[in-house]
Trainee: 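Before I ask anything, let me first share the structure, which is written out below as structure tokens.
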Amino acid sequence: MKALPLLLLLLALSRAEGSVGAVPDEKPNIILIHADDLGWGDLSCYGQQKFKTPHIDRLAAEGTRFTQYYSGSTVCAPSRCALMTGFHMGRAYIRGNAELPLRPEDVTVAERLKEAGYATSVVGKWGLGLLGNTGHPQKQGFDECFGYLDHKHAHRQYTDHLFRNDAKVDVDPKTWSGDLFEKEALDFVERKKGGPFFLYLALPNPHAELWAPAEAVAEFSFEEKPFENKKADEHPSVGYRSQPKPRAAFAALITRMDRTVGRLMEKLKALGLDDKTLVLFTSDNGPHKEGGADPAFFKSSGPLRGMKRDLTEGGIRVPMIARWPGKVPAGRVSDFVWAHWDFPATASALAGVAAPDGDGISVAPTLLGKEQKGHDSLYWEFYERGFDQAVRLGDWKAVVDDGKLALYDLKADLGETADVASLHPEVVEKIQAVIKSAHVPSEKWKPKK
């Protein structure tokens with residue numbers, strides 16, 4: 001157990017500003033449903049017009065839908081690192097897509113919840129450590145794990161093997177992995193119904209490859225632009241395999257995920273756990289165009305500019321829905337600004353334990369319909385295309401692309417179309433100060449020349 005000294009523990013318990021008196025007496029079960037490359041506009045409750053997501057829409061209607069929630073990064077691994085450890089990209093250990101495992105000294109939200117008596121499980125895509133190294137889920141606070149451990153393997157919606165706990169297990173390559181993850185999630189909830197439990201359901205939808213069950217794909221009829229990659233067809237380890245109906249497959253991946261959400265909610269009700277369980281739904285970053293995906297056709301970013309691998313809003317602003325009957329206000333739409341790195345502090349506060357050290361705050365008061373002070377600023381950085389940085393400061397948003405800073409007023413210009421940096425030098429100065437304090441150099445993450 002990675003325990004804090006008593007003094008640090010007391011400090012950690014008191015640092016979530018505004019949380020005193022806002023935490024329920026009873027520890028809730030916590031289910032975090034985490035989509036993969038799902039854009040801000042990919043759900044019908046966020047404006048999607050090409051298909052419907054009725055079960056997720058109901059989740060929003062029975063809970064709170066957040067319109068200004070942010071992922072940890074604009075790609076997978078660092079975003080999940082922020083979600084699990086509570087550090088933004090200026091201080092996180094994993095700041096880019098690499099098979100870099102979490103270390104023994106990294107403290108995850110699962111470890112904190114386990115200390116609070118929670119049964120813990122991750123189902124789906126992990127991406128923060130492999131079998132036999134320090135980042136394996138069972139070395140990072142999870143009692144159980146089932147799914148993909150690494151990112152490349154998770155590209156395959158159909159596979160001949162997955163990982164259960166500390167072993168590789170064979171699976172039927174004709175069975176869609178999403179069905180296996182749904183079954184595993186329902187089984188975990190059934191087995192741990194005595195609670196409290198934490199289920200991290202990290203579904204690999206709608207990430208490439210765009211392959212879904214044939215009957216689900218057949219539900220959609222779009223004018224298609226077939227995706228062809230013969231090299232990958234011959235050698236499946238290379239890139240994404242051809243998909244004759246990428247648009248239909250994309251819609252099918254999301255609607256099948258929506259069906260899983262519906263079945264999970266039915267299970268909670270059947271077990272009498274509905275009002276004892278906080279359910280959160282979000283995504284790891286903005287939409288992608290890999291494997292034939294077509295974010296322009298689906299308007300996956302909604303009114304936002306950019307997508308995965310961008311630090312404009314389309315790359316990092318993602319859906320967030322919270323539901324907990326009787327606790328989280330129903331039918332509410334909130335513009336409170338928060339991010340992935342707030343989840344560990346929030347879950348820990350609800351469980352009554354100290355949060356891991358990090359950059360997050362507990363937003364338990366906001367979830368429960370109370371007022372609280374938010375972040376002074378939010379910060380991101382990205383290394384794949386040189387060195388990009390971004391800051392959210394009030395309604396101001398700055399994006400720094402290889403040293404050039406552009407400033408946007410999100411209140412007046414949500415699409416980030418007009419750079420107003422030259423008109424507001426005082427704001428630019430404040431943002432530069434945030435960047436200076438937020439970025440901690442790392443030997444493993446250095447800007448490319």
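Atom set for the values below is all heavy atoms of this structure, side chains included, hydrogens, waters and symmetry mates excluded.
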Trainee: Decide side-chain hydrogen bond (donor to acceptor under 3.5 Å, both in side chains) for Thr53 and Asp258; before the verdict, give the C-alpha distance in whole Å, the side-chain angles of both, and the deciding distance to 0.1 Å.
Mentor: CA-CA 6 Å; Thr53 52; Asp258 180 72; 4.6 Å; no
Trainee: Do you know the tightest heavy-atom contact between Leu32 and Phe198?
Mentor: CB-CE1, 4.2 Å
Trainee: Using the ring centroid of each side chain, check whether Trp126 and Phe163 are separated by less than 6.0 Å.
Mentor: no
Trainee: Counting neighbours of NZ on Lys276 that are heavy atoms of other residues, nucleotides or ligands and sit closer than 6.0 Å, is the number greater than 12?
Mentor: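 No - once you tally the heavy atoms of other residues, nucleotides and ligands closer than 6.0 Å, there are 12 at most.
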Trainee: Stepwise, does the side-chain hydrogen bond (donor to acceptor under 3.5 Å, both in side chains) test hold for Ser79 with Asn285?
Mentor: CA-CA 7 Å; Ser79 190; Asn285 46 250; 5.4 Å; no
Trainee: Can you tell me if Arg58 has over 12 outside heavy atoms packed within less than 6.0 Å of its CZ?
Mentor: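 No.
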Trainee: With salt bridge (charged side-chain N to carboxylate O under 4.0 Å, His left out) as the criterion, how do Arg91 and Glu381 come out once you've worked through the C-alpha distance, each side chain's angles and the decisive distance to 0.1 Å?
Mentor: CA-CA 10 Å; Arg91 296 209 297 153; Glu381 56 191 43; over 6 Å; no
Trainee: Hey, what do you get for OG1 (Thr108) to CZ (Phe343), rounding to the nearest 0.5 Å?
Mentor: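 Between Thr108 OG1 and Phe343 CZ, I get 10.0 Å after rounding to 0.5 Å.
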Trainee: Assess whether salt bridge (charged side-chain N to carboxylate O under 4.0 Å, His left out) is satisfied between Asp179 and Arg259, documenting all intermediate values.
Mentor: CA-CA 10 Å; Asp179 287 340; Arg259 190 183 76 171; 3.8 Å; yes
Trainee: Would you say that Pro78 contacts Asn97 through its side chain, given a criterion of any heavy-atom pair below 4.5 Å between the two side chains?
Mentor: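 They are in side-chain contact.
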Trainee: Take the angle between the ring planes of His288 and His207 and call it parallel below 30°, perpendicular above 60°, tilted in between.
Mentor: perpendicular
Trainee: Taking NZ, NE, NH1 and NH2 as the nitrogens, is one of them in Asp166 or Lys139 under 4.0 Å from a carboxylate oxygen of the other?
Mentor: no
Trainee: For the pair Asp57 and Lys52, evaluate salt bridge (charged side-chain N to carboxylate O under 4.0 Å, His left out) and give the outcome as yes or no after the intermediate values.
Mentor: CA-CA 9 Å; Asp57 294 353; Lys52 299 296 182 182; over 6 Å; no
Trainee: Could you check whether His34 and Thr282, counting side-chain N and O atoms only, form a donor-acceptor pair closer than 3.5 Å?
Mentor: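 Looking only at side-chain atoms, His34 and Thr282 do not form any donor-acceptor pair under 3.5 Å.
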Trainee: Can you name the side-chain contact (heavy atoms from CB on, under 4.5 Å) partners of Arg305, sequence neighbours left out?
Mentor: Thr312, Tyr408, Glu416
Trainee: Which one of Arg191, Lys114, Arg164 satisfies the salt bridge (Lys or Arg N to Asp or Glu O under 4.0 Å) criterion with Glu144?
Mentor: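 Of Arg191, Lys114, Arg164, salt bridge (Lys or Arg N to Asp or Glu O under 4.0 Å) with Glu144 is met by Arg191 alone.
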Trainee: Do Arg385 and Asp310 sit within salt-bridge range, that is, some charged N less than 4.0 Å from a carboxylate O?
Mentor: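 Result for this pair is yes, salt bridge flagged.
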Trainee: Go through the steps to decide whether Arg392 and Asp376 satisfy the test salt bridge (charged side-chain N to carboxylate O under 4.0 Å, His left out), and finish with yes or no.
Mentor: CA-CA 9 Å; Arg392 173 80 190 255; Asp376 293 328; over 6 Å; no
Trainee: For the salt bridge (Lys or Arg N to Asp or Glu O under 4.0 Å) test, which of Lys125, Arg309, Lys308 pairs with Asp37?
Mentor: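 With Asp37 as partner, Lys125, Arg309, Lys308 yield a single salt bridge (Lys or Arg N to Asp or Glu O under 4.0 Å), made by Lys308.
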Trainee: Within a reach of under 6.0 Å around CG of Asp172, are more than 12 heavy atoms found that belong to other residues, nucleotides or ligands?
Mentor: yes
Trainee: Quick one: does Arg112's side chain have a donor or acceptor within less than 3.5 Å of a partner on Pro344's backbone?
Mentor: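 Not a single qualifying donor-acceptor pair exists.
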Trainee: Take atom NZ of Lys267 as the centre, draw a 6.0 Å sphere, and report whether it contains more than 12 heavy atoms from other residues, nucleotides or ligands.
Mentor: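 It does: Lys267 NZ has more than 12 such atoms within range.
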Trainee: Hey, can you tell me if Tyr69 and His340 have their rings parallel, tilted or perpendicular (30° and 60° cut-offs)?
Mentor: tilted
Trainee: Given the side-chain rings of Phe51 and Phe298, with only the six-membered ring counted for Trp, is the space between their centroids under 6.0 Å?
Mentor: yes
Trainee: With a 4.0 Å cut-off on N to O distance, would you call Arg65 and Asp335 a salt bridge?
Mentor: no
Trainee: Where is the tightest heavy-atom contact between Ala82 and Met89, given as atom of each residue plus distance?
Mentor: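 Scanning both residues, the minimum pair turns out to be CB-CE, 4.1 Å.
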Trainee: Taking the six-membered ring where the residue is Trp, are the ring centres of Tyr148 and Phe181 under 6.0 Å apart?
Mentor: yes
Trainee: Nearest 0.5 Å please: distance from the CG atom of Leu201 over to the OG1 atom of Thr260.
Mentor: 7.5 Å
Trainee: Considering only heavy atoms from C-beta outward, does the side chain of Trp211 approach that of Tyr158 to under 4.5 Å?
Mentor: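 Of all side-chain heavy-atom pairs linking Tyr158 with Trp211, at least one is under 4.5 Å.
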Trainee: Suppose we screen for side-chain contact (heavy atoms from CB on, under 4.5 Å). Which residues come up paired with Tyr93, at least two apart in sequence or across chains?
Mentor: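 side-chain contact (heavy atoms from CB on, under 4.5 Å) check on Tyr93 returns Leu100, Arg103, Asp106, Lys444.
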Trainee: As an exercise, state the distance from CG of Asp275 to CG of Asn29, rounded to the nearest 0.5 Å.
Mentor: 10.0 Å
Trainee: Working to the nearest 0.5 Å, report the span between NE2 of His136 and CG of Leu130.
Mentor: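 His136 NE2 to Leu130 CG: 9.0 Å, rounded to 0.5 Å.
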Trainee: Counting the benzene-type ring for Trp, do Phe87 and Trp341 have ring centres under 6.0 Å apart?
Mentor: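 Distance test on ring centres: not under 6.0 Å, no.
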Trainee: Which residue in the set Trp380, Phe387, Tyr379 passes ring-ring contact (aromatic ring centres under 6.0 Å, His included) when paired with His439?
Mentor: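 Single pass found, and it is Phe387.
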Trainee: Would you mind reporting whether Glu190 and Leu271 have side-chain heavy atoms less than 4.5 Å apart?
Mentor: yes
Trainee: Suppose the criterion is ring pair (Phe, Tyr, Trp, His ring centres under 6.0 Å): which pairs have a residue in residues 349-373, not counting sequence neighbours?
Mentor: none
